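Everything below concerns the one structure shown next.
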Amino acid sequence: MPVVGSLEELLRQRLAGAFENVAGVPVDPAFRRSQHADFQSDAALGLARRLRANPRDLATRIVAEASLGDLCDSVEVSGPGFINLTVSNTVLASMVSEVSRDDRLGVSTVEPETVVVDYSAPNAAKEMHVGHLRSTIIGDAAVRLLEWLGHQVVRQNHLGDWGTPFGMLIEHLLDVGETEAAHELSVGDLNGFYTEARRKFDGSADFQERSRRRVVLLQNGDEATLRLWRLLVTESKQYFMTVYAQLEVRLAEGDFAGESAYNAALAPVIDELRRLGLLRDSQGADCVFPEGFTNRAGEPLPLIVRKRDGGFGYATTDLAAVRHRVQDLKATRLLYVVGLPQRQHLEMVFAVAAEAGWLAPPARAAHIGFGSVLGADGKVLRSRAGGTIKLVALLDEALERAARLIAEKNPDLDADTRAEVARAVGIGAVKYADLSTDRGKDYVFDFARMLSFDGNTAPYLQYAHARIQSIFRKGGLTPNRDGRLIQVTEPAERALVIELLGFPAVVNEVAQTLEFHRLAGYLYGLSTTFTAFYERCPVLKAEGIVRDSRLVLCDLTARVLAQGLDLLGITAPQRM
RNA sequence: GCGCUCGUAGCUCAGUGGAUAGAGCAGAGGACUUCUAAUCCUAAGGUCGCAGGUUCGAAUCCUGCCGGGCGCACCA
């Protein structure tokens with residue numbers, strides 16, 4: 001009996017053995033799903049050139065060498081030298097039976113590694129906007145996936161809680177009064193607070209001067225100033241927690257690791273860089289010039305670690321964070337879920353950290369970058385007034401629209417269920433729209449499309465899941481998960497089984513690449529394949545082993561959908 | 001100017017050097033006494049920005065060009 005899980009992996013291994021026997025060296029079988037058969041390998045074509053052999057002859061020899069008879073009904077050489085595999089229904093049935101009794105749906109746990117995920121990173125006393133939305137959603141999915149695979153995941157919410165803007169913000173706080181300021185911040189009017197402070201700063205030389213003096217007091221640890229600063233930060237954190245609760249992400253209070261947390265480490269970072277001989281003075285600033293970066297004049301590009309005025313910049317904080325994460329948190333994989341515009345900056349930080357020896361194998365860092373959220377006009381999403389859009393306003397509208405849809409489509413649901421479903425659908429739609437396209441590209445934000453029940457959307461996947469639950473409700477049945485042998489005969493059944501067996505491969509791939517649209521695409525494919533099965537293969541009306549088999553397939557599909565959606569941070573309701 | 005990145009159907013997007021480039025939406029035509037029609041089926045829709053090159057084979061790799069976005073010294 002084959003190992004639980006990857007049918008694809010099993011076939012790949014068998015073929016790889018045959019390739020190696022024929023070629024004399026290891027060959028990647030270039031194995032994949034195909035429209036011409038269940039699976040296809042086209043590696044014989046490439047190999048033929050290297051061996052100066054006829055590709056069809058070579059493929060025929062490989063097929064003869066591979067022992068696939070116990071797995072496949074047919075193994076054919078086709079076209080110029082493709083090897084097409086059709087898996088036997090018996091094997092499909094026994095493999096899917098095995099998976100159906102596995103809590104992990106065929107996905108193995110991994111050798112655990114400590115992974116730091118840096119994501120969300122709002123700024124204290126400043127509203128969260130769509131940029132934070134992407135970072136938060138993608139980061140949360142990364143955390144869920146890596147944790148589910150068995151990794152030790154440390155969440156780091158790099159809150160912007162330090163720097164020159166706080167002089168201005170504290171002075172503004174004093175102007176409006178502590179009580180009033182705390183109220184504004186706790187109800188989430190961060191935009192109002194920040195923009196008013198900004199307006200005064202830009203418009204009044206006197207206010208600017210007060211702000212500058214306040215920054216100095218803050219940096220020198222003046223207790224009265226620190227108290228006011230803490231008030232700003234604490235109230236902001238409270239507000240961010242309400243946003244995270246609405247988003248249903250796993251960020252907790254203890255995950256805030258603000259910039260200020262690294263203050264004490266900044267001077268030592270500089271000292272160490274100096275000791276290592278990496279520091280150079282440039283125009284009065286302390287800089288590191290990592291290998292391979294140039295500015296617009298073609299000169300070496302500096303990472304400024306201490307400004308001319310003696311202050312530290314964000315680069316120093318980022319370096320201190322790398323050091324802390326590797327040395328104190330013992331992480332070997334650092335993930336930065338940060339927008340693509342910061343790519344060069346992060347690459348420079350990683351390069352300097354590597355040159356300083358803070359980031360050495362097996363530890364490594366990766367920028368999990370993402371593009372912008374665009375409006376219907378194809379430009380970066382902005383409010384009518386041209387300002388940034390509040391994240392909560394976006395979520396509120398998604399919830400409202402979802403609630404309206406649910407009320408209209410399924411008026412029979414009681415009020416509590418309806419509210420619950422509206423949450424799952426509304427928030428799920430926003431998250432899924434973000435995670436279902438290539439994160440490296442920009443995407444167009446469109447409520448109507450993301451909330452549609454057709455196409456590659458959260459509601460479509462959730463609906464497929466809810467329909468399955470409905471079958472079990474209607475039949476008064478509980479799923480059977482004893483791994484009993486089932487039967488696979490209909491084309492729609494075998495298509496569904498092949499799809500179900502592909503879950504482990506996509507999960508493992510996404511754990512490496514953090515390209516969640518591949519998981520989303522898989523789940524969408526599973527849903528459409530299931531729906532085809534649902535249309536053609538009656539379940540409750542079937543009898544005997546056919547009915548039992550279909551029930552197992554339904555249950556397994558529902559579990560893979562729910563698990564896959566959960567990895568994306570999305571809830572699959574029992575009914576819709 | 002240099003660097004990064006994107007350009008695929010009217011629209012929104014997939015596409016790992018392999019056979020005839022795929023979905024969804026919109027538009028056209030069809031299917032509900034049925035396990036949820038919130039669905040499904042059918043047909044239509046493409047010079048894969050342009051031009052070269054590498055290859056048995058290129059949307060995919062390389063070069064150039066055109067067009068969009070972003071970055072390039074003390075904000076984060």
Side-chain angles (χ1 to χ4, degrees), chain A residues 30 32 34-36 40-43 45-46 48-49 55 78-82 84 121 123 158 160 162-165 259 282-287 293-299 301-309 311-315 317-318 338-345 347 369 371-372 374 376 378-380 405-406 408-410 412 425 433 436-438 440-444 446 448-450 452-457 459-460 462-464 466-475 509 517-518 520-521 524-525 528 531-532 534-542 550-551 554 575-576:
Chain A
R32 54 176 65 87
S34 164
Q35 35 181 325
H36 298 91
Q40 173 178 93
S41 165
D42 47 42
L45 289 133
R49 188 176 44 209
S78 159
F82 300 108
N84 287 339
N123 293 308
H158 200 76
W162 201 252
T164 47
E259 292 169 345
S282 176
Q283 299 172 35
D286 287 333
C287 303
F293 295 89
T294 52
N295 68 8
R296 64 179 68 202
E299 299 154 352
L301 186 66
L303 191 69
I304 295 169
V305 293
R306 196 199 298 264
K307 298 183 283 184
R308 196 179 349 207
D309 66 7
F312 302 106
Y314 56 96
T317 308
D318 287 339
V338 175
L340 242 17
Q342 289 195 51
R343 178 171 164 160
Q344 188 183 45
H345 165 71
E347 278 176 357
S372 307
L374 309 178
K379 301 219 164 107
V380 174
L405 278 170
I406 305 298
E408 178 188 317
K409 304 280 192 183
N410 197 346
D412 298 340
V425 169
S436 60
T437 61
D438 183 347
K441 296 187 186 176
D442 299 345
Y443 78 94
V444 176
D446 180 343
R449 200 168 56 243
M450 69 178 71
S452 165
F453 293 88
D454 296 296
N456 191 8
T457 66
Y460 180 84
Q462 289 167 322
Y463 179 60
R467 279 169 127 185
I468 297 172
Q469 303 308 325
S470 174
I471 291 175
F472 285 93
R473 259 199 314 276
K474 202 76 145 195
E509 186 203 357
H517 74 288
R518 295 188 185 279
Y524 178 55
T528 55
T531 309
Y534 181 91
E535 298 279 334
R536 282 163 206 145
C537 301
V539 179
L540 294 177
K541 282 181 195 148
R550 288 177 180 173
L551 282 167
C554 284
R575 61 183 85 216
M576 285 175 75

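A, B, ... follow the sequence lines: proteins, then strands. Residue 1 opens every chain. It should be emphasised that the depicted structure is a prediction, and the values quoted were computed from it without experimental measurement.
To the nearest 0.5 Å, the span separating OG on A/Ser78 from CG on A/Asn84 amounts to 5.0 Å.
Between the P atom of B/rG17 and the CZ atom of A/Arg49 lies a distance of 14 Å, rounded to the nearest Å. Here B/rG1 presents its P atom at 16 Å from CG of A/Asn295, a figure rounded to the nearest Å. Look at CD on A/Gln342: it is 14 Å from C1' on B/rC72, rounded to the nearest Å. For the pair A/Leu340 CG and B/rG68 P, the computed distance is 20 Å after rounding to whole Å. The nearest whole Å value for the distance from the CZ atom in A/Arg306 to the C1' atom in B/rC75 is 19 Å. The interatomic distance linking A/Asp442 (CG) with B/rC4 (C1') rounds to 13 Å, in whole Å. For A/Asp454 and B/rA23, the CG to P distance is 15 Å, given to the nearest whole Å. Put simply, CG on A/Asp318 is 15 Å from P on B/rC75, counting in whole angstrom units.
A distance of about 43 Å separates the P atoms of B/rU54 and B/rC25, rounded to the whole Å. Annotation: B/rG7 and B/rG46 have their C1' atoms spaced 15 Å apart (nearest Å). When the P atom is used for both B/rG49 and B/rU16, the distance is 14 Å, rounded to whole Å. Across B/rC50 and B/rA38, the matching C1' atoms stand 44 Å from one another, rounded to whole Å. For B/rC48 and B/rC61, the C1' atoms lie 16 Å apart once the distance is rounded to whole Å. B/rU12 and B/rU8 have their C1' atoms separated by 12 Å, with the value rounded to a whole Å. Taking atom P on both B/rG30 and B/rA43, the two are 15 Å apart, rounded to the nearest angstrom. Spacing of C1' atoms, B/rC2 relative to B/rA73, comes out at 16 Å, to the nearest Å.
If A/Thr437 and A/Gly311 are placed on RNA chain B by their nearest nucleotide, the residue sitting closer to the 5' end is A/Thr437. Of the residues near RNA chain B, A/Gly79 and A/Ala285, the one whose nearest nucleotide (by heavy atom distance) lies more toward the 5' end is A/Gly79.
A/Arg32 comes within contact range of the sugar-phosphate backbone alone, with a heavy-atom separation under 4.0 Å but no base atom that close. Backbone-only engagement by A/Val444 is indicated by non-hydrogen atom pairs under 4.0 Å involving sugar-phosphate atoms exclusively. A/Ser78 comes within 4.0 angstrom of a nucleotide base, judged by non-hydrogen atoms across all strands. A/Thr531 comes within 4.0 angstrom of the backbone, heavy atoms only, and of no base. Among the atoms of the strands shown, base atoms are found under 4.0 Å from some heavy atom of A/Asn84. Using a 4.0 Å heavy-atom distance criterion, A/Leu540 is classed as a base contact. Looking at heavy-atom distances under 4.0 Å, A/Tyr524 makes contact with sugar-phosphate atoms alone, never a base. Using a 4.0 Å heavy-atom cutoff across all strands shown, A/Tyr460 reaches sugar-phosphate atoms only and no base atom. Using a 4.0 Å heavy-atom criterion, one finds that A/Ala315 contacts no nucleic acid atom at all.
Counting atom types as modelled, A/Gln40 pairs a side-chain N or O with a base atom of B/rA19 as donor and acceptor under 3.5 Å. Interface remark: the A/Ser282 side chain does form a donor-acceptor pair with the B/rA73 base, using a distance-only criterion of under 3.5 Å. In terms of polar N and O atoms assigned as donor or acceptor, the side chain of A/Ser436 never comes within less than 3.5 Å of the base of B/rA14 in a complementary pairing.
Smallest separation of non-hydrogen atoms from A/Pro459 and A/Met450: CD-O, 3.5 Å. Closest non-hydrogen pair, A/Arg449 versus A/Thr457, comes out as O-CG2, 3.3 Å. The two residues A/Ala30 and A/Asp42 make their nearest non-hydrogen contact at CB-OD1, 3.5 Å. Contact record, A/Leu540 with A/Ile471: CD1-O, 3.7 Å, taken as the closest heavy-atom pair. Nearest heavy atoms, A/Pro80 versus A/Leu45: CB-CD2, 3.7 Å. Heavy atoms only, all atoms of each residue included: A/Cys554 and A/Phe472 are closest at CB-CE1, 4.1 Å.
Which of B/rC35, B/rA38, B/rU36 sits closest to the side chain of A/Lys409 comes down to B/rA38. Looking at the side chain of A/Arg518, the nearest of the listed nucleotides B/rA38, B/rC35, B/rU16 is B/rU16. Here the side chain of A/Pro302 is nearest to one of B/rA73, B/rA37, B/rC41, namely B/rA73. Considering only the side chain of A/Phe453, B/rA38 comes nearest among B/rA38, B/rU36, B/rG15. Nearest nucleotide to the A/Glu535 side chain, out of B/rC40, B/rC72, B/rA73: B/rC40. Residue A/Asp42 places its side chain closer to B/rG18 than to any other of B/rG18, B/rC75, B/rC35. Comparing B/rC70, B/rC41, B/rU39 against the side chain of A/Pro341 picks out B/rC70 as the nearest. When the nucleotides B/rA38, B/rC35, B/rA14 are ranked by their closest atom to the side chain of A/Asp438, B/rA14 comes out on top. Comparing B/rU36, B/rC72, B/rC35 by their nearest atom to the side chain of A/Ala466 picks out B/rU36.
Side-chain atoms of A/Asp286 do not come within 3.5 Å of backbone N or O of A/Val305 as any donor-acceptor pair. Side chain of A/Asp442 to main chain of A/Ser372: a donor-acceptor pair is present (N/O by atom type, distance under 3.5 Å, no hydrogens or angles). In this structure, A/Arg575 contributes its side chain and A/Gln469 its backbone to no donor-acceptor pair below 3.5 Å.
Of the side-chain N and O atoms in A/Tyr463, none sit less than 4.0 angstrom from OP1 or OP2 of B/rC40. A sub-4.0 Å separation between OP1 or OP2 of B/rC72 and a side-chain N or O of A/Arg343 is absent. The phosphate of B/rC75 (OP1 or OP2) has no side-chain N or O of A/His345 nearer than 4.0 angstrom. Put simply, A/Arg308 has no side-chain N or O that comes within less than 4.0 Å of OP1 or OP2 on B/rA73. Distances shorter than 4.0 Å separate none of the side-chain N or O atoms of A/Arg550 from OP1 or OP2 on B/rC35. Within the 4.0 Å cut-off from OP1 or OP2 of B/rU12, not a single side-chain nitrogen or oxygen of A/Lys441 is found.
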Checklist entry - Just the dot-bracket of RNA chain B, please: which string comes out with Watson-Crick or G-U pairs under 3.5 Å, [ ] for crossing, | for another strand? => result (((((((..((((....[...))))..((((.......))))......(((((..]....))))))))))))....
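Between the side-chain ring of A/Phe82 and the base of B/rA19, a stacking contact exists by the 5.5 Å and 30° definition.
Here the side chains of A/His345 and A/Asp318 are in contact, with some heavy-atom distance below 4.5 Å. When side chains are defined from C-beta on, A/Val425 counts as touching A/Ile406, because their heavy atoms get closer than 4.5 Å.
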